[in-house]
Amino acid sequence: MNLLSNLTLGFSVATSLENMFFCLIGVLLGTLIGVLPGIGATATIAMLLPITFQLEPVSSLIMLAGIYYGAQYGGSTTAILINMPGESSSAVTALDGYQMARNGKAGVALATAALGSFFAGTVATFLVAIFAPPLTTVALKFGPAEYFSLMVLGLVMSVALAHGSVIKALAMVVLGLLLGLVGNDIFEGTPRFTLGITAFSDGLNFVALAVGVFGIAEILRNLEDEHDRQVLTKHVGRLWPTRDEFRAMAAPVLRGTGLGSVLGILPGGGAILASFASYTMEKKLSKTPGDFGKGAIAGVAGPESANNAGAQTSFIPLLTLGIPANPVMALMIGAMIIQGIVPGPNVASEQPALFWGIIASMWIGNLMLVVLNLPLIGLWVKLLKVPYYVLFPIIMAMCSIGVYSVRSQAWDLFAVAFFGLLGYLMSKLRCEPAPLLLGFVLGPLLEENLRRAMIMSRGDATTFVSRPISLTLLLLAVAVLVVVLLPSVRKSRDEVFTESEG
Amino acid sequence: MTPGSKDTTDVVTGILLILTAAFFGWQTASLNIGTAFRMGPGYFPMILSVLLAIFGLVILLKALKTPAGEPMSAIAWRGMLFILPAPVFFGLTVRGLGFVPSIFCTALIAAMASARMKPLPALILAVLVTVFSTLVFSYALGLPFRRFGPWLPF
C-alpha cells in the first residue's frame, strides 16, 4: 500500500536521532515561550523562527512543527492557569479551563487539554496523510487564474475571521499586499517602494515583519500596564482524569476532532473557528448547559481537540497548494521559502522525504507534548511566576540575533523596529495583524499569478470567471464577503468574539 | 448620538490609511503601468493603492458618524523609547563593535523599558544573556559573527 510505504518513509525521516532531537527542542522552546502570558502561538513562532534557519530544511521544518504544537499547548496552559489567553483560539479554553483550575482541578484540565489534543492530532495526521496526495494531483491542474482566485478566497476568509471591523481587516489585507510588493518587480526587475535602499530589493524581510508586528507589538502592549500576575493555582492537583471524567470527555473529543479537521482545511484561520464552533456545539448538546462557564470538562475537551485537529489539517492547503490557511501557516511558508523550498504541489513528488517527514513529525511532536509536558507542568507553573521584566529583554536579544542571522542585514533590524511600531499602532487603532501578515506573504504570489493569467488570456479579464474552478472560488469569496457584511451575521459574529473576550 | 461626536480611533485610522495609500500611489506614479494584457510593475500596486484609499475613506466617513468608542488605553511610551531602539542599536553596532558588546548593550537597553527593572539586576541579566547567546549562537551554532569588532582597540 502506497500510504503505508509513504508513512514509513516519513517516520524513518522523522525518527532519526537528529530530527527527534530538534523536534524535542522545538516542543520545549515552543511551550516555554508559549506559556508566557499574553504571547500567543503566532508571536511565539515568529520569535523562534530564526533559530531554525541554521538547520537542514527537513530538520528545520520539523523543529518548527514542534514549536507550533508546543506554542499552542503553552497557550492553553496559560489560559487555564491564569485566564490570560494569548490568542483567540485558546480564549475558548480559558472559559471553562480557568474555572476548573479555580475548582482545584487545574491538573485535570491541563491533562484533558493535552490528551484531547493528542487524540485529535493523531487522527488529523492520518487525514493529512490520506488527503494531501490526491489533492496535490488536483492542484497540479491549477493554472494561474485558479491560483489567483484561491488566494483571493483565502484573504477574504482571513478577513471574515478577524476580530472587529470587516472594513479595517480588508484595509489590512491590502496594506499587507502592498508591503509584500516592496522590492524588485519579478518580470522587469524595476525596484518598487524600496526608497532607494538596496537591502530591500529582494523584498522586505518576512521574519522582520512577523517579529515586529506580532512579537514586539505584543511586548509593548504588555508594558502598558505592568502589574503582578496572579497565579491562583499553587497546587495543580491530580493530573490523571478519573474514569467518569474520561467518560465525560470522550464524546466532546471525538466531535471536536471531526469538526476541527473539516474546518481546519478552510483557508483563513480554521483552527480558531473550530474551537468556537466546538464550544457552541458542546454547549448545545450538553444535558447540563448551565455547567458551561463554570468548569465543564466538555468545554475544555471539545475546543482543545477541535483546535488541534484544525491546526493539523491546515497543513493540507499549505502542503498541496502552497497557500497558507492562517498566520502560522504563513510563517511556515516564509520558513520554507528561506530554506529554498517552493511550497506547492511539487513538494510531495520532488521531495517525498521532506513532505512525509513533516507529516510524521506532526504526530511525533504531539506525542512528545503529552509525554514531556504532563510531568513538566510544575515547571511551567513556576515559569509563570518569573516576572515579565526579566523575560522581555531576553526575548529582545534573541529576536535581534535571530533576525540578523537570516541574511546579516542591518536594515532588517531597522525594519523590526519599524514593524514593531506599526504593529503597536495597529493594536492601538484596533486593526488586526493577521490579515496583514497573510496579505504580505501572498502579495507577490497574487501579483505573479494575476499577471500570468492576464498574459495567457491576452488581456481578457473574463478568464477568471470563464474557468469553472476559478469562478467557483471567486463566487465563494463573494459569498463569504456578503455574509460577513450582512447586519444579522455581523451581530452574532460580534457576540461570539465578545463572549470570548469576557 | 450628539451632533459632532465621532469615533476618534477610527478617524485616525482612516486618515493614516489614506496617507499610506497616497504614499504608495505617489511611489507608483514613477512606475510603468503597462496594459491589462502586459501589466507593468505599476499596475497591481496602483489598483491596491486605490483600494486602500477607498477603504480608508469609508472608515473615516463611518467614524465621523459614529459616537466615540471606548477610549484608548495607556500608551507604553517608556516601552517604545527603549524597546524599539534595541534592535536598531544591534543593527548599527554588530559589525563595528562585534557581537559580544553589541548584544550586551542591546539587552541592557531593552531591560530599561520596564519601570520595575533596577540597574543592578539589569546589568546581571544583560551579562547572562550575553554569555548564553555567545555560547549558543557563536560557539555552538557557529554563526559567522565577529565576537569583537574593528571599532575596539584590541
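Side chains included, hydrogens not; waters and symmetry mates left out as well; all remaining heavy atoms used. Residue numbers start from 1 in every chain, and the chains themselves are labelled A, B, ... in the order their sequence lines are given, proteins ahead of strands.
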Minimum side-chain heavy-atom gap [X]-[Y] below 4.5 Å:
X       : Y       : answer
F414(A) : L84(B)  : no
Q27(B)  : L195(A) : yes
R78(B)  : L223(A) : no
S49(B)  : L178(A) : yes
F90(B)  : I401(A) : yes

Using non-hydrogen atoms only, which part of [X] is less than 4.5 Å away from chain B: side chain, backbone, both, or neither?
X       : answer
C399(A) : neither
S408(A) : both
V173(A) : neither
I216(A) : side chain

Q | F193(A) ring center within less than 6.0 Å of F23(B) ring center | A | no
Side chain, backbone, both or neither: which part of [X] has an atom under 4.5 Å from a heavy atom of chain A?
X       : answer
L48(B)  : both
F145(B) : side chain
L17(B)  : side chain
L16(B)  : side chain

Q | Most chain A-contacting option - heavy-atom pairs closer than 4.5 Å, from T106(B), I47(B), L31(B) | A | L31(B)
Q: Count the heavy-atom pairs under 4.5 Å between each of V94(B), L128(B), T35(B), L108(B) and chain A, then report the option with the highest count.
A: V94(B)
Atom [atom1] in [X], atom [atom2] in [Y]: separation rounded to 0.5 Å?
X       : Y       : atom1 : atom2 : answer
F55(B)  : S165(A) : CZ    : OG    : 10.5 Å
L220(A) : I83(B)  : CG    : CD1   : 6.0 Å
I167(A) : T13(B)  : CD1   : OG1   : 12.0 Å
R221(A) : I75(B)  : CZ    : CD1   : 13.5 Å
M396(A) : F89(B)  : CE    : CZ    : 13.0 Å

Q: Determine, step by step, whether I394(A) and F132(B) satisfy the side chain to side chain contact (heavy atoms under 4.5 Å, CB included) criterion, reporting the C-alpha distance in whole Å, the side-chain angles of both residues, the deciding distance to 0.1 Å, and the verdict.
A: CA-CA 10 Å; I394(A) 305 178; F132(B) 174 79; over 6 Å; no
Q. In residues 39-46 of chain B, which residues are in contact with chain A at a heavy-atom separation under 4.5 Å?
A. M39(B), G40(B), P41(B), F44(B), P45(B)
(Q) Apply side chain to side chain contact (heavy atoms under 4.5 Å, CB included) to residues R95(B) and Y404(A) and explain how you reach the verdict. (A) CA-CA 11 Å; R95(B) 275 170 207 271; Y404(A) 186 74; 3.6 Å; yes
Q. Would you call R430(A)-D10(B) a salt bridge at under 4.0 Å N-O?
A. no
Q: Take N32(B) and T190(A), measure what side chain to side chain contact (heavy atoms under 4.5 Å, CB included) needs, and give me the verdict at the end.
A: CA-CA 9 Å; N32(B) 174 22; T190(A) 325; over 6 Å; no
Q. Residues of residues 418-428 of chain A under 4.5 Å from chain B (heavy atom pairs)?
A. G420(A), L421(A), Y424(A), L425(A), K428(A)
